[in-house]
Every structure is written in C-alpha cells, then in structure tokens.
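Structure record follows, encoded as structure tokens.
Remember, predicted model here, so these are calculated numbers, not experimental data. Only heavy atoms go into these numbers, but all of them, side chains included; no hydrogens, no water, no symmetry mates.
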Amino acid sequence: MLNYLWGGMLILGVIYGALTGNICEVSDAMLNSAGKAIELCFTMGGVMAFWVGIMKIAENAGILKGLTNVIRPVIHYLFPMVPEGHRAQDYIAANVIANILGLGWAATPAGLKAMEALGELKEERNEVDREEASVEMCDFLILNISSLQLIPVTIIAYRSKYGSPEPTAIIAPAIIATLISTLTAVLFLRIRGRISNRRN
C-alpha cells in the first residue's frame, strides 16, 4: 500500500512540475534528495554500528542479563500467560531494554525472536488458527510500539546531522511522551487482560 502511495506522490510531483514548467527543478530536487538519502544512510549506519556495539559489550559484560532479571517480574506481570522461564520472556525483556535505551535497531532482532517464541508457544497450546496472532503476540506488539525511551538515539542523530544547535534538547520531551504512551499501553493491556479473564 505504501509503495503505491509514495509512487503516486512521485508521479504527481513530476506531472505537476512538467505542467508548471518546473521539471528541471523537480529533476534537481530528486537527484539531490537521492544523494542526501545515501549520505544519511551512511551517517545512521555509523550511529547504528556504534550503539549496537555498545549493546554487545553490555551483553558480554552481563549487564543485559542483570537488567533482564530486574524487569522479569514486570514482564511476567504484563504477560501472565507466558510460562515462567520461557525463552519468550528473555527476548521480550531484551527488546524492552533496547527500546528504553533508544536502540531501536538493536531491539528489532530481539523483537523478532520474541514473536517467534510466542508463535511456538501458541503451537504448543494447539491453538486452531496458526495464521492468527495470539493475544500475547498482540500485547507484545502494543508494548513494543509504545516504547519508553530514555535516550532517543535516532532522533538525536537526525538532529545532529541536520545542524540542530542542541541535538539533545529532545531528550526530556521524548521521555515524557514515551512514558505517557507506555503507561497507556500497560493500562490497556491490564484492562484487556481483566476483560479476557472474565469472559473465560
């Protein structure tokens, strides 16, 4: 769907530029934007490599394992249907920690592994529709999207790249916004869980 949307916008822009006699400006803008996109990819790739490396160091030092043990009770509270000690808990915890630290790139692999583990848990329960996401999978997706962030690394990198005089000024507003979104997600999960328990 997004491919059609962006493709349509691009075609409309070219047609409008041709009809208004600005096709040269449109061509220049397209070429300049393409160059800037490649430049941005290299910049963000460097930032990503740095922070993923930091995460790897934290993992090898046992810091991630320690943080995982700290938030394990919270994970069990939010996902009571996931058995204690199931590997899905570890992946969910790793995803949450990476998101809190603002490392969305590092959170993605853990998130995919968490979904895979939750899918295996669904199969273990012999749930009928294998193509339909389980309740736990939906809950994890909601929690992942809400994503409390203490250090919005990506936004800071973007602001620094485009010449912001204070790239880190976004930290406080980001913490407030993501804290509200995460609390809203947790509240929703608990309300949904209680409604589901009453139905069962």
Could you tell me whether the side chain of [Y] reaches within less than 4.5 Å of the side chain of [X], counting heavy atoms only?
X    : Y    : result
E120 : H86  : no
I156 : I151 : yes
Y91  : M115 : no
L121 : P83  : yes

[atom2] on [Y] to [atom1] on [X], rounded to 0.5 Å:
X    : Y    : atom1 : atom2 : value
N99  : N144 : CG    : CG    : 5.0 Å
I170 : R159 : CD1   : CZ    : 5.0 Å
I155 : I171 : CD1   : CD1   : 12.0 Å
T182 : I175 : OG1   : CD1   : 11.5 Å
S147 : N95  : OG    : CG    : 8.0 Å
D139 : L189 : CG    : CG    : 4.5 Å

Search all heavy atoms of [X] against all heavy atoms of [Y] and return the closest pair with its distance.
X    : Y    : value
F140 : F79  : N-CE2, 3.5 Å
M137 : L118 : CG-CB, 3.6 Å
D90  : R72  : OD1-NH2, 2.9 Å

For I71, the option from V96, I92, L78 that meets side-chain contact (heavy atoms from CB on, under 4.5 Å):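 Only one of V96, I92, L78 forms a side-chain contact (heavy atoms from CB on, under 4.5 Å) with I71, namely V96.
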May I ask whether [X] and [Y] are part of the same hydrophobic cluster, defined by side-chain heavy atoms of I, L, V, M, F, W, Y residues being less than 4.5 angstrom apart, directly or through others?
X    : Y    : answer
V186 : I180 : no
I11  : L19  : yes
L112 : L141 : no

Using modelled atom types only, decide if a donor and an acceptor are shared between the side chain of [X] and the backbone of [Y] within a distance under 3.5 Å.
X    : Y    : value
R190 : Y77  : yes
S146 : L143 : yes
T178 : Q149 : yes

